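Written below as structure tokens is the structure these notes are about.
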Amino acid sequence: MDDLSKLNAAQRDAVTTLSGPLLVLAGAGTGKTRVITVRIANLIRHGVDPERILSVTFTNKAAKEMLERALAQLGGKPKRKPWISTFHSFCVRVLRQDIEELGYPKNFTIYDRGDQESAARRALRDLRVGEKQMRPADLVNRVSQWKSQGVLATDASDHVEHDGDVVAAMGYKKYQSILKSSGSVDFDDLLLLTNRLFHEHPDVLEKYQRRFDHVQIDEYQDTNGSQFDLIEALVRGHRNLCVVGDDDQSIYGWRGADISHILKFPQVFPGTKVVRLQENYRCTEQILGLANSLVRHNRNRHEKKLFASRSVAGSVRYREYENEELEAETVVREIEFNLRHERAKSDDYAILFRTNEQPRVFEVQLRRFKVPYLLLGQRSFFDNKEVRDLLAYVRVIAQPLDEQSLLRIINTPARSIGDTAVEKILARAVARKVRFFDAVPSLRDEKEITSKSATAVEAFATLLTDFRRRFEEAPKRMAETFHELLETINYDLEIQRQYKEPDQQLARQGTIEQLIDTIKDYVANADEPSLSGFLDNVTLSDRDSESDKDEQLKQRGVRLMTIHSAKGLEFPRVYLVGMEEGLLPHRRSVDAEGESPESIDEERRLCYVGVTRAKDSLTLTRAQFRKKWGKLRETIPSRFLHEMFDELPAPTDEVLQEEITEDGL
DNA sequence: AAGGAGGGTTTTTTT
DNA sequence: AACCCTCCTT
């Protein structure tokens, strides 16, 4: 069990400072999580009511771990617990109480990335903007940036920064009206609407201000404008705010995170006490040396000098290969050799890369050499077509306004409702300002749609209403009712129709079983199960059976992941591959360098995060030639190599398997 | 409806 | 190179 006496002086200082604004500058591998949990326990030990502590983390996985650790500190499971969650989950709970004040339905649904893109596609189509001018994904990103800065749809045209923004601003308006009329919100709305709620309804804000005496924020370097506003409002009365973070690890600027929040914290909250955690327990001296000399090249940062507590000689290598296939092959051969000689477990290895196209070649080689591996952060279970279809059913049932989900499933499985009929109904619904299903009778009377279609649509409406009632009447039987729904719509038949191969059919059916299990888990653990509650869990990925990533990390195998998703993790042996200009730093950031030089700083921090994941050994690699869009191109070594080694290092000689032994890896 | 040919496009990172 | 969309044929 963690204990005050086991902490170093700086950690103890952070843990025992219990009131007023506190900034804990925690470098990589300096025991940040430990400080946060021990501090929560310490607050409670000093008589603070656990329920008056709010601690905000970056992921639900982190929240869960932190709660467990904090409770373990206090011994046993007390009745009153601190509120530990992500910003998003916090906002959902606030909004489920009071969102009606803002004209949204209480059972709003949350749109995830896929839904956002469909909505954006519809918005652009309504504006008659071709995908050449703006892709849905670009609109979603731009809208997200605006929202994270608190810019509303109506004001976006005043915040135009470049040519494309004119279309984006119009798209934003359309997109937002699609969401609102669907009774839906997106991720950014959760924060934005909570802020609006607090702003327009001071009584609601006051309720939460009174609720918490102490607030802690983890990963503060990655907070965006909305998140800052939220926190600032909550702690205004007492300013008992402790933020923990590392400005050198701010890598989510593209998502609206604003590094200036951590840089300016002491100015924004006068009287701030600053504690620096600089003793690194993770990396060897050599690895930390590289990280330090790299990040020194960033100008806007809090000065920190990390020092290693482990004096073990670590191994840092740099290697070049002719092309990306050789890069992958050699890395995998080396891992395979070491595994065979029982020097290591496969779990000890991580291969980190910048973009999601890079792991493919590695996968080929890992399969070839029969090395177990896990590819993390790829499409999750919930991106599956079947799962998305069926969740669309659940959504339409939970939220009748959700037209977008309705359109997804109205003819899946096929029930003779053709595209023409759907379009006519939609047009009529818009023209007469009525709901989709209410537009059917007049069209049928006018013979605009065939009576066959009309009957099919009406039957479907009845089916939905019927199931809505059944889910509401027996929330505990959610899984069973869902099963009945599957039978009623005959989804099995749809699978058999779509997939001819028997093993494919089995796999798809397995997926559906998994979905049913998720529902069962949810019902078993929820105090008051409801369809909206289930959907919240799914979308915010704090599913009860833990997130996909967490689940996967328990398995054995070499870890393959982007540097972004490796944040917060550590591995004994790390390969940081593709150290090339255009990849790390990524070409998009290099292109943007002229306008905003900070774009490279974030890439540098990303490289820093990658390097500091390694505990014992770090291998940096580069391919001299790399294929892009089917064309072979010569590459340039990443500028970060020069910065880390002072000058471009001569590649470590091609290490043959026999020589690895001498390396004493 | 389903499947194939042809043509155009794509790649940053994700709570 | 791989993917997706559209249009065409069955």
Side-chain angles (χ1 to χ4, degrees), chain A residues 56-63 85-92 110-114 116-117 121 130-132 135-138 140-141 144-145 147-148 186-191 218-219 221-224 226-227 249-257 324-325 352-361 364 376-380 382-383 411-416 418-419 494 497-500 536 539-542 547-550 561-568 578 580 582-592 599-600 602-603 605-607 609-610 626-633:
Chain A
V56 183
T57 60
F58 205 63
T59 64
N60 282 298
K61 178 192 162 215
S85 79
T86 60
F87 275 105
H88 295 274
S89 302
F90 174 79
C91 290
V92 170
I110 307 167
Y111 273 9
D112 68 11
R113 183 67 200 208
Q116 286 177 269
E117 285 191 17
R121 187 166 295 118
E131 293 212 357
K132 272 197 183 140
R135 289 174 306 144
D138 294 336
V140 172
N141 287 337
S144 171
Q145 276 177 11
K147 286 186 178 177
S148 65
D186 64 20
F187 280 98
D188 304 292
D189 282 338
L190 291 172
L191 302 164
D218 188 16
E219 308 282 16
Q221 75 281 0
D222 287 321
T223 46
N224 66 29
S226 297
Q227 291 163 335
Q249 293 188 66
S250 166
I251 55 174
Y252 284 105
W254 51 273
R255 204 167 72 185
E324 73 268 26
E325 270 134 25
L352 306 182
F353 37 82
R354 174 71 234 266
T355 70
N356 275 316
E357 107 205 277
Q358 287 169 268
R360 307 173 73 133
V361 269
V364 172
L376 288 106
Q378 295 302 101
R379 291 173 58 246
S380 86
F382 290 88
D383 294 330
N411 204 31
T412 314
R415 50 177 72 84
S416 352
D419 293 343
E494 172 73 6
R497 195 183 59 79
Q498 275 194 32
Y499 304 97
K500 302 292 174 224
D536 285 351
T539 325
L540 298 175
S541 67
D542 63 351
S547 70
D548 293 354
K549 188 170 159 183
D550 201 18
M561 64 185 103
T562 61
I563 306 174
H564 279 93
S565 51
K567 184 175 138 181
E580 296 147 33
L583 223 40
L584 186 64
H586 193 272
R587 201 175 60 84
R588 295 274 269 245
S589 305
V590 177
D591 289 348
S599 65
I600 294 292
E602 182 155 314
E603 296 287 313
R605 293 191 290 266
L606 198 51
C607 185
V609 169
R626 187 176 292 270
K627 243 186 224 151
K628 189 171 169 93
W629 298 336
K631 282 204 186 99
L632 201 63
R633 291 216 192 134

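This structure is a prediction, so every number in the text was calculated from the model and none was measured. Chain naming here is simple, since letters A, B, ... match the order of the sequence lines and numbering starts at 1 in each.
For the pair A/Lys567 and A/Tyr252, the cation does not sit on the ring face, since its NZ or CZ is not both under 6.0 Å from the ring centre and inside 45° of the axis.
Nucleic acid contact class of A/Thr86 (heavy atoms, under 4.0 Å, all strands): none. Nucleic acid contact class of A/Arg605 (heavy atoms, under 4.0 Å, all strands): none.
Every residue was checked against the ring-ring contact (aromatic ring centres under 6.0 Å, His included) condition with A/Tyr111, not counting sequence neighbours, and none meets it.
Taking the nucleotide of DNA chain B with the nearest heavy atom to each of A/Asn411 and A/Trp629, the more 5' of the two is matched to A/Asn411.
Taking the side chain of A/His88 as heavy atoms from C-beta on, and the options B/dT15, B/dT14, C/dC3, the nearest nucleotide is B/dT15. Considering only the side chain of A/Asn356, B/dT13 comes nearest among C/dA2, B/dT15, B/dT13. For A/Arg360, taking side-chain heavy atoms from C-beta onward, the closest of the listed nucleotides B/dT11, B/dT14, C/dA2 is C/dA2. Closest to the A/His564 side chain, of the nucleotides C/dA2, B/dT13, B/dT11, is B/dT13. Closest to the side chain of A/Tyr252, from the set C/dC3, B/dT14, B/dT11, is B/dT14.
Between A/Asp536 atom CG and B/dT15 atom C1' there is a gap of 15 Å when expressed in whole angstrom units. A straight line from NZ of A/Lys567 to C1' of B/dT14 spans 11 Å, rounded to a whole angstrom. Between the C1' atom of B/dT14 and the CD atom of A/Gln227 lies a distance of 13 Å, rounded to the nearest Å. Between the P atom of B/dT15 and the CG atom of A/Asn141 lies a distance of 14 Å, rounded to the nearest Å. In this entry the distance linking CG of A/Asp138 with P of B/dT13 reads 13 Å, nearest Å. Atom pair A/Arg588:CZ and B/dT14:P shows a separation of 14 Å (rounding to whole Å applied). If you take CG of A/Asp188 and C1' of B/dT14, they are 11 Å apart, rounded to a whole angstrom. One atom, CG of A/Leu584, and another, P of B/dT11, lie 19 Å apart when rounded to the nearest Å.
Centre separation under 5.5 Å together with a plane angle under 30° holds for the ring of A/Phe187 and the six-membered base ring of B/dT15, marking them as stacked.
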### Task
Please assess A/Ser144 against A/Asp188 for the test side chain to side chain donor-acceptor pair (under 3.5 Å), listing each intermediate value before the final yes or no.
CA-CA 6 Å; A/Ser144 171; A/Asp188 304 292; 3.2 Å; yes

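Phosphate contact (OP1/OP2 of B/dT13, side-chain N/O of A/Ser565, threshold under 4.0 Å): absent. The side chain of A/Arg121 places no N or O atom within less than 4.0 Å of a non-bridging phosphate oxygen (OP1 or OP2) of C/dC4.
Between A/Arg633 and A/Lys628, the shortest heavy-atom contact is NH1-CD, 4.4 Å.
When each of A/Val56, A/Asn60, A/Leu191 is paired with A/His88, the side chain to side chain contact (heavy atoms under 4.5 Å, CB included) condition holds for A/Leu191 and for no other.
Comparing the same atom, C1', in B/dT11 and in C/dT6 gives a spacing of 23 Å after rounding to whole Å.
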